[in-house]
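Chain letters run A, B, ... following the sequence lines, proteins first, then strands; residues in each count from 1.
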Amino acid sequence: MFRDSGHLIRPAVVLLLGLGIFLAIRAAVVPKGFGKYGHYRPQALALIRSKPISFAGQDMCLMCHDDQGKARAAGKHAHVACEACHGPLADHANDPAAHKPVLPDVANLCRRCHEKDAAKPKGFPQVVTAEHSGGVLCNGCHQPHNPHL
Amino acid sequence: MEMTRRDLFTIGGKLLVLASVGATLEQIVGAEPAPDAYKMADHWWGMIIDIDKCIGCGNCVRACSKENKVPGGYFRTWVERYQVAEGKQPKVESPDGAMEGFPPLTDENIKSFFVPKLCNHCADSPCTQVCPVGATFISPDGVVLVDPDYCLGCRYCVQACPYGCRYLHPETNTVDKCTLCYHRITQGLTTACCENCPTQARQLVDFKDPKDPVHEFLRHNMVQVLKPYMATNAKVYYKNLDGSVR
Amino acid sequence: MIPGVDGFMYPNEVELQWSLLIVLYPYITGLVAGAFILASLERVFKVDAVRPTYRLALLTALSFLLVAPLPLQLHLGHPERSFEMYLTPHTASAMAMFGFVYLWYLTVVLLLEIWLEFRAEIVYLAQTTKGLRRVIYRALTLGSMNVSPEARRLDDKVGYIVTVIGIPSAFMLHGYVGFIFGSIKANPWWSTPLMPIVFLFSAMVSGIAAVLLLYVASMKVKKMAVDMRCVDTIAKYLFYTFCIDFTLEMLDLVHRTYESDESFRSLDFMVHTRLFFSQVVLQIFLGTLVPLCLLAANQLWRFTEKARRAMYVTACSLTMIGIFAMRWNVVIGGQLFSKSFLGYTTYKMAFATREGLLPAIALMLLPFAIFFVLVYLLPPWQEPEHVSAPAGD
């Protein structure tokens with residue numbers, strides 16, 4: 001009886017061998033610590049955290065530029081962060097001499113927020129720039145850090 | 001003009017002092033100075049968005065793009081402008097994700113408003129559910145992240161996100177999305193979009209911080225999440241969101 | 001305005017994520033599952049009439065199964081990382097199990113069944129051929145030359161058990177592909193519990209049609225007579241399966257139309273515009289109603305042999321096109337509308353790129369090349385005559 005079923009052992013051995021090789025490889029190459037916090041590589045957290053910062057943040061700017069901060073605090077732009085207008089300046093904060101900020105492009109900058117748009121909240125100060133100043137730049141009349149006339 | 005009038009010596013001096021004690025940028029800035037001081041278990045991040053404050057300037061979109069080097073034509077955050085006429089389908093626009101804001105809208109007779117969008121960092125996120133290998137996940141502090149070194153690029157998660165927040169990064173060929181500026185918030189900074197929002201329409205919040213303004217905000221306002229019927233437990237709350245928003 | 005976009009898409013939605021290659025994937029696995037289920041008809045349900053296609057169906061299933069993972073590999077952003085599916089399969093993901101279901105089906109079901117079925121020939125050829133062929137056949141014997149009547153009786157018994165296991169496995173392989181789509185709640189075009197069963201029956205339809213076509217074509221090439229009783233029986237089964245498949249698809253359609261949930265307006269518009277040709281013309285009319293009528297006519301009236309053959313070949317060819325259109329409409333259609341239900345995008349098919357038309361055509365031809373090789377190695381035409389040929393172990 002067994003003489004005639006012996007050949008059936010062979011594919012079974014092949015399958016089990018394959019399974020064994022698979023399990024061995026798997027044990028060797030699964031990323032270290034996988035599953036520590038959940039079904040993912042814990043190293044991914046550090047990797048994502050290591051990305052460089054572009055915007056230094058309010059507190060950083062004010063460490064040096066507290067004079068401008070005070071001027072701004074008195075006006076309507078008190079809660080607008082420096083880099084919202086001046087752009088990302090972490091490089092500058094790290095090495096002020098090597099990275100000099102450029103002045104914002106006033107002609108476009110102010111308009112982005114203050115151009116009249118029916119979808120903007122009603123209380124928000126808006127003007128139709130084409131009619132408002134007759135081509136004079138905003139900072140001809142308004143101080144950017146405290147824009148009230 | 002204002003810019004050039006800074007006292008270079010003062011800054012130089014301050015940084016010299018800091019450099020001499022071996023401080024890094026991170027350490028100067030945050031309430032939680034060293035990276036090791038950050039305890040994931042103490043945070044549960046989300047965002048609150050006040051529709052009544054959004055002016056559609058696109059500052060958040062530009063800031064996000066710069067901070068995270070988002071490839072052109074793809075968006076981790078974007079702003080939509082809705083025009084909802086009575087009894088009609090809403091008209092929605094988001095030219096280049098509002099990277100340059102919007103062309104002015106003059107019709108005052110139609111209800112119109114802006115809706116900033118970003119990953120909702122869902123607590124029951126359908127995107128992380130479907131990832132076949134565990135390359136996208138919810139961090140212990142509640143941020144939905146992608147492991148760029150492990151992602152296959154199968155894009156099943158892109159299909160599973162009800163909000164259209166994911167894309168395949170054309171250079172890395174892995175899926176990319178909003179990280180809620182994980183590299184910033186774990187150092188005590190706020191996200192690039194919140195930092196640069198001129199009207200505080202969007203604010204990063206920590207639900208595990210008992211002093212966070214979010215608790216007050218949720219208690220006193222009518223809030224909504226996007227597509228609540230998807231039951232994703234989204235953690236981006238909108239104040240005064242119109243029912244037409246999808 | 002972005003070219004190709006009507007209305008409003010979320011900005012990241014403009015580009016389609018799943019291309020033509022992902023259309024091929026369910027199409028090919030469907031052919032595998034369908035061909036195998038036809039083969040098992042003979043084995044398990046003892047439908048003697050389809051016996052001439054039994055071995056052909058097994059080899060067809062294997063040819064397509066070997067190609068099934070290739071479109072997926074080619075589509076991945078990082079094909080070199082695909083082994084991660086075996087390393088750290090995410091149990092919550094419908095896709096994670098694909099690798100395991102695939103390997104199970106390939107090794108435990110299909111290869112084993114083919115080996116058991118062809119063992120007598122393999123042993124015979126290992127003893128009668130020379131050179132490289134001899135080496136190949138000797139390797140295929142796995143070192144056992146025992147083809148005694150008792151051993152063959154055991155093979156048959158084990159083969160039966162493997163087929164019995166194989167039927168639910170084939171159901172799983174393809175029903176599960178349907179689940180990959182059907183379980184995406186974010187996409188109303190996909191999200192329906194009917195999806196796995198619709199996929200399954202359309203798989204059977206396409207698999208049966210493919211085997212019938214391959215059988216008729218093989219007979220023509222080999223200049224052998226077509227067994228009409230066999231072809232008639234297959235056509236009958238194709239008709240029944242097709243009826244169930246069509247009913248399920250119409251049930252889905254009627255249900256969607258009647259319920260008219262928030263996505264309906266948007267999806268309805270899509271079916272009447274961007275999907276009109278592929279869905280209404282190709283899938284429903286040419287790919288389903290016409291072949292159904294041809295098959296039904298054969299159940300009602302008796303035609304001449306020549307007419308029958310022509311009708312079957314026409315019906316099966318149209319069926320293959322129709323099922324392909326169905327896969328296209330599911331995969332591509334599911335990405336043409338915005339999840340905001342306010343706009344539509346366009347699929348721009350590339351040609352000679354990694355996910356373009358050219359590799360897709362190559363991938364569709366590859367199974368036939370494999371089939372050719374398999375048929376050469378393991379001729380499925382005649383019944384084993386040398387069962388009791390020289391034994392020895």
Under 4.5 Å from any heavy atom of chain C, what part of [X] do you find: side chain, backbone, both or neither?
{"X": "B/Tyr163", "answer": "backbone"}
{"X": "B/Tyr229", "answer": "side chain"}
{"X": "B/Pro90", "answer": "both"}
{"X": "B/Gln129", "answer": "both"}
{"X": "B/Glu93", "answer": "backbone"}

> Closest approach of B/Val236 and B/Val225, non-hydrogen atoms and distance?
Replying inline: O-CG1, 3.6 Å
> Relative to C/Phe199, does C/Arg327 satisfy both conditions: NZ or CZ under 6.0 angstrom from the six-membered ring centre, and within 45 degrees of the ring's axis?
Replying inline: yes
> Below 4.0 angstrom, N of the basic side chain to O of the carboxylate: do B/Arg155 and C/Glu355 qualify?
Replying inline: yes
>> Please determine whether a side-chain nitrogen of the Lys or Arg among C/Arg256 and C/Asp268 lies less than 4.0 Å from a carboxylate oxygen of the Asp or Glu.
In response: no
>> Taking side chain as everything from C-beta outward and backbone as N, CA, C, O, which of these in C/Leu76 sits under 4.5 Å from a heavy atom of chain B? Side chain, backbone, both or neither.
In response: both
> C/Trp190 versus chain B, heavy atoms under 4.5 Å apart: side chain, backbone, both or neither?
Replying inline: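 The answer is the side chain of C/Trp190.
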>> I'd like to know if the side chain of B/Asn120 and the backbone of B/Cys122 have a donor-acceptor N/O pair within less than 3.5 Å.
In response: no
> Are the side chain of B/Lys235 and the backbone of B/His121 linked by a donor-acceptor contact shorter than 3.5 Å?
Replying inline: yes
> What residue in B/Val92, B/Thr174, B/Val130 has the most heavy-atom pairs under 4.5 Å with chain C?
Replying inline: B/Val92
